[in-house]
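Working notes, structure below.
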Amino acid sequence: MPPAALSVSELLHAGHPWATVHAIHAARPADFSAGRYLLTLEPELYDGTGVQAVHPDH
């Protein structure tokens, strides 16, 4: 299963914090076919989750 297809419960079970899982879920493709950008100071928290995490300085 590709990382973007993981469910919320699977992400929590994999050890991601609830706030991170919530952001991943909100940024995944739904109304927008490519998903939304996720602005964060710690983009590495979202590696392998299928979302486009961007640091505000980049």
Q: Could I get the full list of side-chain contact (heavy atoms from CB on, under 4.5 Å) partners for Leu12, not counting sequence neighbours?
A: Val8, Trp18, Val21

Q: Determine the sole option in His58, His55, Gln52 for which the side-chain contact (heavy atoms from CB on, under 4.5 Å) test with Pro43 is passed.
A: His55

Q: Mind listing the closest non-hydrogen atom pair of Ala23 and Leu38 along with its distance?
A: CB-CD1, 3.7 Å

**Q.** Pairwise distance CD(Glu10) to NE2(His16) - rounded to 0.5 angstrom
**A.** 11.0 Å

**Q.** Pairing residues for Pro17 by the side-chain contact (heavy atoms from CB on, under 4.5 Å) criterion, not counting sequence neighbours
**A.** Thr20

Q.
With rounding to the nearest 0.5 angstrom, report the CD1 to CG distance, Ile24 to Leu11.
A. 5.0 Å

